[in-house]
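Working notes for the structure below.
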Amino acid sequence: MSEWLAGRLSDWFAVHGRDLPWRREGTTAWGVLVSEVMSQQTPVSRVAPTWTEWMARWPDPAKFAAASQADVLRAWGRLGYPRRALRLHECAAAVVSLHGGRVPDELADLLALPGVGTYTAAAVAVFHYRRRHAVVDTNVRRVVARFAAGHADAGAATTSADLRAAAALLPEGDARAADFSVALMELGALVCTARKPECGRCPIAERCRFKASGAVLPPGPSRRPQRYHGTTRQVRGRIMALLRETTEPVTRVQIEGLWHEPARREEALTGLITDGLVEAVPGDRFRLPH
DNA sequence: TATGCGTGGTA
DNA sequence: TTACCAAGCAT
């Protein structure tokens, strides 16, 4: 089964795989790591332009670690979840101090880096170092749940069972397993999508248990919808947007103009300060951290 | 294990 | 228009 899968996916990927900038020849391990962190919960189409500028400005961990937090947060722009930018900054410093500026190739070393979890560690080890590990993101979990178990979707959170199920499908050989992992993820992103799987275009449909059972998706949202409007997250987003576009510290009055509810406003501001995304300066003013 | 954390495209 | 959701991580 693994060999059949690997063959089908490899052929499909050769024709349909996207030409993403970080997949091009010569991309460093650091470049792959940056692309993975940027892509955590942010669509790839929005990541690409920022990644290209980012790598031209800070080509390696040492140069990036030397940048100020404010510059990093401004360059992050509107990718969302700016805490990721700070974790990436810490990550670069750790790569320099612990690994001499070289992104490690061992899973355990990668996992110990700030902002790097199970998925991202495996992605770097496999996509750049070409190791044989399961790379399990939401796309892979969905494809495996459908293909191997016949379920309409995977569970809410990644479980060790998900990791085992994906690992069981890996073909033999480091290089083939790495190619397989890239292609499996791409299939989930392009064909076996959450809302509208296109089984007619799927290279592995003939052995898919979900397809065999009719490929019927349950109605309604696949997960509990996450609210945004009116949340602290929205207010944090407005404060960060204001701070990104101003060089001088902003006054409390300026921040008060961003949201009408004082309690929500304060919660957002103190949260940002706690997270290290905002710095209070004398005179009751605020700016991006330096 | 459940929750909080941004943003903008799409139907 | 509103609502869903897109390569997770940390707590």
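Here the structure is a predicted model, which is why all the values come from computation and not from measurement. To find a chain, count down the sequence lines: A is the first, B the second, and so on, and within it residues start at 1.
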Report summary line: Under a 4.0 Å heavy-atom criterion, the protein footprint on nucleotides 5-11 of chain B, written with B, S and -, is BBBS---

Do any pairs count as a salt bridge (Lys or Arg N to Asp or Glu O under 4.0 Å) and have a residue in [range], sequence neighbours left out, and if so which ones?
| range | value |
| --- | --- |
| residues 24-45 of chain A | A/D19-A/R24 |
| residues 236-250 of chain A | A/R236-A/D275 |
| residues 118-131 of chain A | A/D105-A/R131, A/E106-A/R131, A/R130-A/D179 |

Report task. Supply the members, apart from A/L242, of the Ile/Leu/Val/Met/Phe/Trp/Tyr cluster built from side-chain contacts under 4.5 Å; use none for a lone residue. Result ->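 Via sub-4.5 Å side-chain contacts, A/L242 links to A/L73, A/L86, A/V235, A/I239, A/M240, A/L243, A/V250, A/I255, A/L258, A/W259, A/L269, A/L272, A/I273, A/L277, A/V278, A/F286, A/L288.
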
Query raised in the report: Can you list the other members of the hydrophobic cluster that holds A/L217, where links are side-chain heavy atoms under 4.5 angstrom apart?
Result: A/F210

Using salt bridge (Lys or Arg N to Asp or Glu O under 4.0 Å) as the criterion, list what pairs up with [X], not counting sequence neighbours.
| X | value |
| --- | --- |
| A/R23 | A/E186 |
| A/D109 | none |
| A/R207 | none |

Between [N] and [M], how far is it from one [atom1] atom to the other, in whole Å?
| N | M | atom1 | value |
| --- | --- | --- | --- |
| B/dG6 | C/dT11 | P | 14 Å |
| B/dA11 | C/dA7 | P | 15 Å |
| B/dC5 | C/dA6 | C1' | 15 Å |

Report summary line: Note: contacts of residues 19-39 of chain A with DNA chain C (heavy atom, under 4.0 Å) are A/L20, A/W22, A/R23, A/E36, A/S39

Query raised in the report: Among residues 112-124 of chain A, which contact DNA chain C at a heavy-atom distance under 4.0 Å?
Result: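 When residues 112-124 of chain A is checked for heavy atoms under 4.0 Å from DNA chain C, the hits, listed by number, are A/P114, A/G115, A/V116, A/G117, A/T118, A/Y119, A/T120.
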
Between [atom2] on [N] and [atom1] on [X], what's the gap in Å once rounded to a whole number?
| X | N | atom1 | atom2 | value |
| --- | --- | --- | --- | --- |
| A/R227 | B/dA2 | CZ | P | 17 Å |
| A/R142 | C/dA7 | CZ | C1' | 11 Å |
| A/L111 | C/dG8 | CG | P | 16 Å |
| A/R141 | C/dG8 | CZ | C1' | 10 Å |

Query - Gap between atom CH2 of A/W12 and atom CZ of A/R201 - 0.5 Å precision - result: 7.5 Å

Query raised in the report: Run the side-chain hydrogen bond (donor to acceptor under 3.5 Å, both in side chains) check on A/E172 and A/S2 step by step: do they pass?
Result: CA-CA 8 Å; A/E172 292 304 316; A/S2 295; over 6 Å; no

Requested in this report: Would you mind listing every side chain to side chain donor-acceptor pair (under 3.5 Å) that reaches into residues 45-61 of chain A, with sequence neighbours excluded?
Outcome: A/D60-A/K63

